[in-house]
Amino acid sequence: MPIEILYDRMKTAVTGEDDAGHIIYNRSLLALARHYRFQPRACRAYRAKTKGKVERPFRYIREDFFLARSFCNLDDLNAQLIDWLATVANVRVHGTTQRVVADAFTAEQPELQNLPDHRFDAVLKLERRVSHDGFVAIGGNYYSVPDRTRRVVEVQQLPECVRILDLGTIVAEHRVLEGRKQYCIDKSHRTGGSHAKHRTGVADPITIGRIGEHVPLRPLAIYQAIGAQLAAGARA
């Protein structure tokens with residue numbers, strides 16, 4: 001890790017300034033900086049040249065690596081990227097510095113700090129509504145929650161799993177699905193129980209492509225209660 005990282009003044013990095021003109025950094029960024037032991041530094045306002053050509057590599061990667069490629073999954077993408085870095089990107093002579101990229105990285109290595117023993121537990125917190133059929137939409141996919149979960153829940157999205165909380169209690173935990181429009185269904189969520197238990201893992205989840213492939217199993221008492229309610233409303 002570098003000792004210092006320069007940031008633009010986007011809200012994910014800088015939230016404002018105090019009365020003395022000191023930068024107020026985003027709390028999540030400060031937590032990341034504490035974990036990796038680096039000092040964030042903000043660009044001067046309205047000074048775009050402070051950052052240099054930080055966005056140019058994205059265009060290079062998009063046009064030279066991603067263009068006309070296909071990937072089976074994330075592991076395949078990473079394998080192809082590692083090969084491209086070793087055979088194309090890092091062995092070229094950089095147009096601005098006129099140095100071989102890999103040589104420049106090697107020269108900078110002694111100035112970098114060692115990474116921490118553990119990865120930063122990045123959590124993206126969202127608020128989501130539960131659909132009438134008991135799913136929460138996250139990143140284009142759908143994850144089940146227990147029957148009778150409240151309509152508005154908190155979602156904590158981590159790199160490898162999704163947690164769903166109802167009034168601060170974890171009611172569902174799923175692995176992150178790749179792709180889009182897929183459904184991850186925990187069979188224990190379709191019991192009709194009124195109280196969800198804290199879960200530390202997902203037992204035998206069902207992943208399907210369309211919601212019509214799964215029919216929730218509910219006790220007959222639920223349908224009897226619905227019928228009685230409808231009958232009472234009709235008599236009224």
Nearest 0.5 angstrom please: [X] [atom1] to [Y] [atom2], how far?
X	Y	atom1	atom2	value
C184	L177	SG	CG	5.0 Å
H35	H118	NE2	NE2	8.5 Å
R37	L115	CZ	CG	8.0 Å
I138	R163	CD1	CZ	12.5 Å
L81	R69	CG	CZ	8.5 Å
N90	D103	CG	CG	10.0 Å

Does atom [atom1] ([X]) have a neighbourhood of more than 12 heavy atoms from anything else shown, all under 6.0 Å?
X	atom1	result
R150	CZ	no
R151	CZ	yes
E4	CD	yes
L74	CG	yes
N114	CG	no
F120	CZ	yes

Would a hydrophobic clustering, with Ile, Leu, Val, Met, Phe, Trp and Tyr connected at side-chain separations under 4.5 Å, put [X] with [Y]?
X	Y	value
V152	V155	no
L77	L85	yes
V153	L124	yes
F105	I61	no
L126	I164	yes

Checklist entry - Between A107 and R99, which heavy-atom pair has the shortest distance, and what is it? => result CB-NH2, 3.7 Å
Checklist outcome for this item: Closest non-hydrogen contact found for Y60 with A89 is OH-CA, 3.7 Å
Item to check | Identified side-chain contact (heavy atoms from CB on, under 4.5 Å) counterpart of R41 within the set I5, I23, L6 | outcome: L6
Checklist entry - Given C161, which of E173, H174, Q156 fulfils the side-chain contact (heavy atoms from CB on, under 4.5 Å) condition? => result E173
Checklist entry - Relative to the ring of F71, is the ring of F66 parallel (under 30°), tilted (30 to 60°) or perpendicular (over 60°)? => result perpendicular
Item to check | Pair Y143-I185, side chain to side chain contact (heavy atoms under 4.5 Å, CB included): steps then yes or no | outcome: CA-CA 6 Å; Y143 300 87; I185 305 169; over 6 Å; no
Item to check | side chain to side chain contact (heavy atoms under 4.5 Å, CB included) evaluation trace for V14 with Y25 | outcome: CA-CA 4 Å; V14 176; Y25 290 100; 4.2 Å; yes
Next on the checklist: Let's go through K125 and E154 carefully: what are the C-alpha distance in whole Å and the side-chain angles of both, what is the deciding distance for side chain to side chain contact (heavy atoms under 4.5 Å, CB included) to 0.1 Å, and is it a yes or a no?
Outcome noted: CA-CA 7 Å; K125 295 183 179 181; E154 177 187 328; 3.8 Å; yes
Next on the checklist: Using the rule given for side chain to side chain contact (heavy atoms under 4.5 Å, CB included), can you reason through D18 versus I24, listing the C-alpha separation, both sets of side-chain angles and the distance that settles it, and then say yes or no?
Outcome noted: CA-CA 7 Å; D18 61 16; I24 301 174; 4.3 Å; yes
